[in-house]
Visitor: 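Structure provided below as structure tokens; questions to follow.
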Amino acid sequence: MKKSFNEQCYEILRKVPKGKVTTYKAIAEKLNSKAYRQVGRAMNKNPCGFLSGGNVPCHRVVGSNGKLVGFAHGLKKKEEMLKEEGVSIINGKVDLGKYKFEL
DNA sequence: CGGTTGACCAAGT
DNA sequence: GACTTGGCCAACC
């Protein structure tokens, strides 16, 4: 039984440990696709889970260059949350060299 | 089933 | 350095 692309994104996102981040691109590539947009769209369309009791840290997902892109609550909130997790945000960007989680 | 869309990305202007 | 264009692919209408 194959899950939808979106659900697979959640699965991968769930694997990201606290204090680490990943990129939309990486996730899409892991799914053997280039549907970067589909990953982000999945988050927006669905309740992100983590707010509803699920464990889908959508805030741990950043852009391809560690740059914060989009977030339903606002990028500002996203930065705050990441900082709480131990990820330093510099100029609205994350240091992927230190915080990017290798899937 | 065809067309629009989207929390992207890379390159061009 | 900021904005525009094209491309990618799955989900949604």
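Excluded from the calculations below are hydrogen atoms, water molecules and symmetry mates; all remaining heavy atoms, backbone and side chain alike, are included.
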Visitor: Specify the separation, in whole Å, of atom CG of Asn91(A) and atom P of dG1(C).
Guide: 10 Å
Visitor: How would you label the contact of Asn6(A) with the nucleic acid (heavy atoms, under 4.0 Å): base, sugar-phosphate, or nothing?
Guide: sugar-phosphate
Visitor: Find the distance Glu7(A):CD to dC12(C):P and express it as a whole number of Å.
Guide: 10 Å
Visitor: Nearest heavy-atom pair of Val16(A) and Pro57(A): which atoms, and what distance?
Guide: O-CG, 4.4 Å
Visitor: Of all heavy-atom pairs between Phe101(A) and Lys15(A), which one has the smallest distance, and what is that distance?
Guide: CE2-O, 3.6 Å
Visitor: May I ask you to say what Thr23(A) touches in the nucleic acid, namely base, sugar-phosphate or nothing, with a heavy-atom cut-off under 4.0 Å?
Guide: nothing
Visitor: Can you name the nearest heavy-atom pair linking Ala35(A) to Phe5(A), along with the distance?
Guide: CB-CZ, 4.0 Å
Visitor: Rounded off to whole Å, could you give me the NZ-to-C1' distance for the Lys25(A) and dA11(B) pair?
Guide: 13 Å
Visitor: Just jot down the salt bridge (charged side-chain N to carboxylate O under 4.0 Å, His left out) partners of Lys67(A), sequence neighbours excluded, or say none.
Guide: none
Visitor: Is there a side-chain polar atom (N or O) of Lys67(A) under 4.0 Å from OP1 or OP2 of dC9(B)?
Guide: no
Visitor: After noting the C-alpha distance and the side-chain angles of Leu68(A) and Glu79(A), does the key distance pass the side-chain contact (heavy atoms from CB on, under 4.5 Å) rule?
Guide: CA-CA 8 Å; Leu68(A) 275 85; Glu79(A) 285 183 40; 3.4 Å; yes
Visitor: For Glu84(A), give me all partners under side-chain hydrogen bond (donor to acceptor under 3.5 Å, both in side chains), at least two apart in sequence or on another chain.
Guide: none
Visitor: Tell me, please, which residues at least two apart from Tyr24(A) pass side-chain hydrogen bond (donor to acceptor under 3.5 Å, both in side chains).
Guide: none
Visitor: Listing time: all N or O pairs from protein to nucleotides 4-7 of chain B that are below 3.5 Å?
Guide:
residue, atom, partner, partner atom, Å
dG6(B), O6, Arg37(A), NH1, 2.9
dG6(B), N2, Gln38(A), OE1, 2.7
dA7(B), OP1, Asn44(A), ND2, 3.1
dA7(B), N7, Gly40(A), O, 3.3
dA7(B), N7, Asn44(A), N, 2.8
dA7(B), N3, Tyr24(A), OH, 2.6
dA7(B), N3, Gly70(A), O, 3.3

Visitor: Do you know which two heavy atoms are closest between Ala72(A) and Asn44(A), and how far apart they sit?
Guide: CB-OD1, 4.4 Å
Visitor: Taking only N and O in the side chain of Ser64(A), is any of them less than 4.0 Å away from OP1 or OP2 of dC9(B)?
Guide: yes
Visitor: As a check on the pairing definition, encode DNA chain C in dot-bracket form, counting Watson-Crick and G-U wobble pairs whose two distances are under 3.5 Å, and using | for partners outside this strand.
Guide: .||||||.|||||
Visitor: According to salt bridge (charged side-chain N to carboxylate O under 4.0 Å, His left out), who are the partners of Glu11(A), at least two apart in sequence or on a separate chain?
Guide: Lys3(A), Arg14(A)
Visitor: Round to the nearest Å and state the distance from Lys34(A) atom NZ to dG7(C) atom C1'.
Guide: 11 Å
Visitor: Could you give the CD-to-P distance, from Glu29(A) to dA10(C), as a whole number of Å?
Guide: 13 Å
Visitor: Between P on dC9(B) and CG on Leu96(A), what's the gap in Å once rounded to a whole number?
Guide: 11 Å
